[in-house]
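Mind having a look at this structure? Questions to follow.
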Number of protein chains: 2
Amino acid sequence: MQPGSDEQDWREDCAPRRTMEIFATKWTSMILHTLHAQHGGAARNGMLLRSLPGISKKMLVQTLREMEESGLIDRHVESTVPPAVEYSLTPLGIRFVALVELVYAWGRDNADALDQLQARATSRRNG
Amino acid sequence: MQPGSDEQDWREDCAPRRTMEIFATKWTSMILHTLHAQHGGAARNGMLLRSLPGISKKMLVQTLREMEESGLIDRHVESTVPPAVEYSLTPLGIRFVALVELVYAWGRDNADALDQLQARATSRRNG
DNA sequence: CCGTATCCCTTACGATACTG
DNA sequence: CAGTATCGTAAGGGATACGG
């Protein structure tokens, strides 16, 4: 057997793999980051919609529901007219968002390298 | 304007968003982790196939090509019979895999919380 | 051993229109 | 303001069989 990684590292349904899958849903990390950047870690539906260029209402709501199901966020409804709904980070969400911030920072710090590679790839494709 | 996050945080095609997309491709992180765990950070095609439960040949090759394109790995062909191909981490890949290891460790450390949530979600669905 | 080519299915995602 | 319902497309991913 080799040193380090063996077949057990990525058993299907293991915790690390499920963690990776959280990143796999397009908008989850961006929503978490946005919540985290707000005072108190909470935000309204409309605010999120405005903060995430390109997201559709459908995907926002759908992703929020999945995140609630995953235990990353809480949903609080104020029964006023018109209704006010607030989403906030759970303790698990707060722990997870630390990871998101690391990825965000990594991207910022490595922007130059990423841009160069993209430029090379583009020019390669266009001859 | 609010403190912290504003609309500019997730401009489409910004570096952090492209970084997130690397995680979004199902097998990329697992491949990187496996390479990283090998001595010298390099591995053969067949070895990867055996180390990643559930991956298909098609997805392995396809993902490896995309990773090469993204500058995360290098591909080295030894022209023997039968041919031997080795994949290894680039400098960028090495920097990125640090992030992968953090996510992996986070999943391991939070396995209990994730399991509990999954159990609750399952029982909720089954009544 | 390594890689390619099909076929096919499921899911993710987005646009739009409508309700309390 | 928040959420639902529908429809349509594109991408992701798996099974299998074949070729250097």
Side-chain angles (χ1 to χ4, degrees), chain A residues 2 10-13 17-18 20-32 34-35 38 42-70 72-88 125, chain B residues 2 10-13 17-18 20-32 34-35 38 42-70 72-88 125:
Chain A
Q2 328 88 337
W10 292 108
R11 284 194 54 255
E12 319 205 23
D13 227 60
R17 203 151 150 171
R18 272 185 282 143
M20 292 293 181
E21 275 155 25
I22 298 178
F23 281 104
T25 300
K26 183 169 179 182
W27 298 102
T28 306
S29 298
M30 294 188 255
I31 292 173
L32 289 173
T34 306
L35 286 178
Q38 297 313 114
R44 301 278 300 275
N45 190 316
M47 186 274 167
L48 291 169
L49 204 55
R50 268 170 273 118
S51 293
L52 301 170
I55 199 173
S56 66
K57 255 167 86 168
K58 176 190 165 188
M59 283 315 296
L60 177 59
V61 180
Q62 181 178 311
T63 308
L64 287 168
R65 289 296 117 79
E66 290 170 10
M67 292 168 69
E68 207 188 342
E69 178 85 356
S70 316
L72 292 169
I73 59 171
D74 277 329
R75 177 165 174 271
H76 179 73
V77 184
E78 203 67 43
S79 300
T80 53
V81 181
V85 181
E86 231 187 30
Y87 295 96
S88 58
R125 263 190 297 276
Chain B
Q2 329 89 337
W10 292 107
R11 285 194 56 256
E12 319 206 21
D13 227 62
R17 203 152 153 171
R18 272 185 282 144
M20 294 292 181
E21 276 156 25
I22 298 177
F23 281 103
T25 301
K26 183 169 179 182
W27 299 103
T28 306
S29 298
M30 296 189 251
I31 292 173
L32 289 173
T34 306
L35 287 178
Q38 298 312 114
R44 302 277 299 274
N45 190 317
M47 186 275 165
L48 291 169
L49 203 55
R50 269 169 274 121
S51 293
L52 301 170
I55 198 172
S56 65
K57 256 167 84 167
K58 176 191 165 186
M59 283 315 296
L60 177 57
V61 179
Q62 181 178 311
T63 308
L64 287 168
R65 289 297 116 79
E66 288 169 13
M67 293 167 69
E68 206 189 341
E69 178 84 357
S70 316
L72 293 169
I73 59 172
D74 278 329
R75 178 166 175 271
H76 179 73
V77 185
E78 202 68 41
S79 300
T80 54
V81 180
V85 181
E86 231 186 29
Y87 295 96
S88 57
R125 262 190 297 275

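Proteins get letters first, then strands, A, B, ... in listed order; numbering begins at 1 in each.
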Between D/dA17 (P) and B/Lys57 (NZ): distance, integer Å:
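Roughly 12 Å, once rounded to whole Å.
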Which whole-number value in Å describes the distance from A/Leu52 CG to C/dC13 P?
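Distance check: A/Leu52 CG to C/dC13 P gives 13 Å.
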May I ask you to evaluate whether A/Tyr87 reaches the phosphate of D/dC1, defined as a side-chain N or O under 4.0 Å from OP1 or OP2?
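Checking A/Tyr87 against D/dC1: no side-chain N or O falls below 4.0 Å of OP1 or OP2.
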Distance check needed: D/dG12 C1' versus B/Gln62 CD, whole Å only.
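These atoms are roughly 8 Å apart.
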Of all the choices, C/dT4, D/dC1, D/dG13, which nucleotide is nearest to the side chain of B/Lys58 once you look at every atom?
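From the listed options, D/dG13 comes nearest.
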Whichever of A/Ala84 and B/Thr63 has its nearest DNA chain D nucleotide further upstream toward 5':
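On the 5' side of the pair lies A/Ala84.
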Please report, rounded to the nearest Å, how far the P atom of C/dC2 is from the CE atom of B/Met47.
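After rounding, the gap between these two atoms is 12 Å.
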Value in whole Å for how far the P atom of D/dG3 lies from CG of A/Asn45
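My rounded result for the distance is 5 Å.
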Tell me the interatomic distance from B/Ile55, atom CD1, to D/dG12, atom C1', rounded to whole angstroms.
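Between C1' of D/dG12 and CD1 of B/Ile55: 13 Å.
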Within the 4.5 Å heavy-atom criterion, are B/Met20 and A/Met30 side-chain neighbours or not?
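SC-SC contact between B/Met20 and A/Met30 ruled out.
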Given the structure, check if the side chain of B/Lys26 and the base of D/dG12 hold any donor-acceptor pair shorter than 3.5 Å.
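There is none.
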In terms of the nearest nucleotide of DNA chain C, which residue is placed more toward the 5' end: B/Val85 or A/Ser56?
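By nearest-heavy-atom nucleotide position, the 5'-most residue is B/Val85.
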Side chain proximity check, A/Leu64 to A/Leu48, heavy atoms < 4.5 angstrom
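Yes; the side chains approach each other to less than 4.5 Å.
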Just the rounded figure in Å: distance from C1' of D/dG13 to CE of B/Met59.
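For the pair B/Met59 CE and D/dG13 C1', the rounded distance is 6 Å.
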Taking atom C1' of C/dA12 as reference, at what distance in whole Å does atom CZ of A/Arg65 sit?
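Taking CZ of A/Arg65 and C1' of C/dA12, I get 18 Å after rounding.
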Criterion side chain to side chain contact (heavy atoms under 4.5 Å, CB included) on B/Ile31 and B/Ile73, from CA distance to verdict
CA-CA 10 Å; B/Ile31 292 173; B/Ile73 59 172; 5.7 Å; no
Any chance you could measure B/Thr34, atom OG1, to B/Leu52, atom CG, to the nearest 0.5 Å?
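One finds 4.5 Å between OG1 of B/Thr34 and CG of B/Leu52.
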Below 4.0 Å: OP1/OP2 of C/dC2 and any side-chain N or O of B/Arg44
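Looking at the OP1 and OP2 atoms of C/dC2, one of them is under 4.0 Å from a side-chain N or O of B/Arg44.
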Is A/Arg18 salt-bridged to A/Glu21, going by a charged N under 4.0 Å from an acidic O?
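Looking at A/Glu21 together with A/Arg18, the answer is no, because their closest N to O distance does not fall below 4.0 Å.
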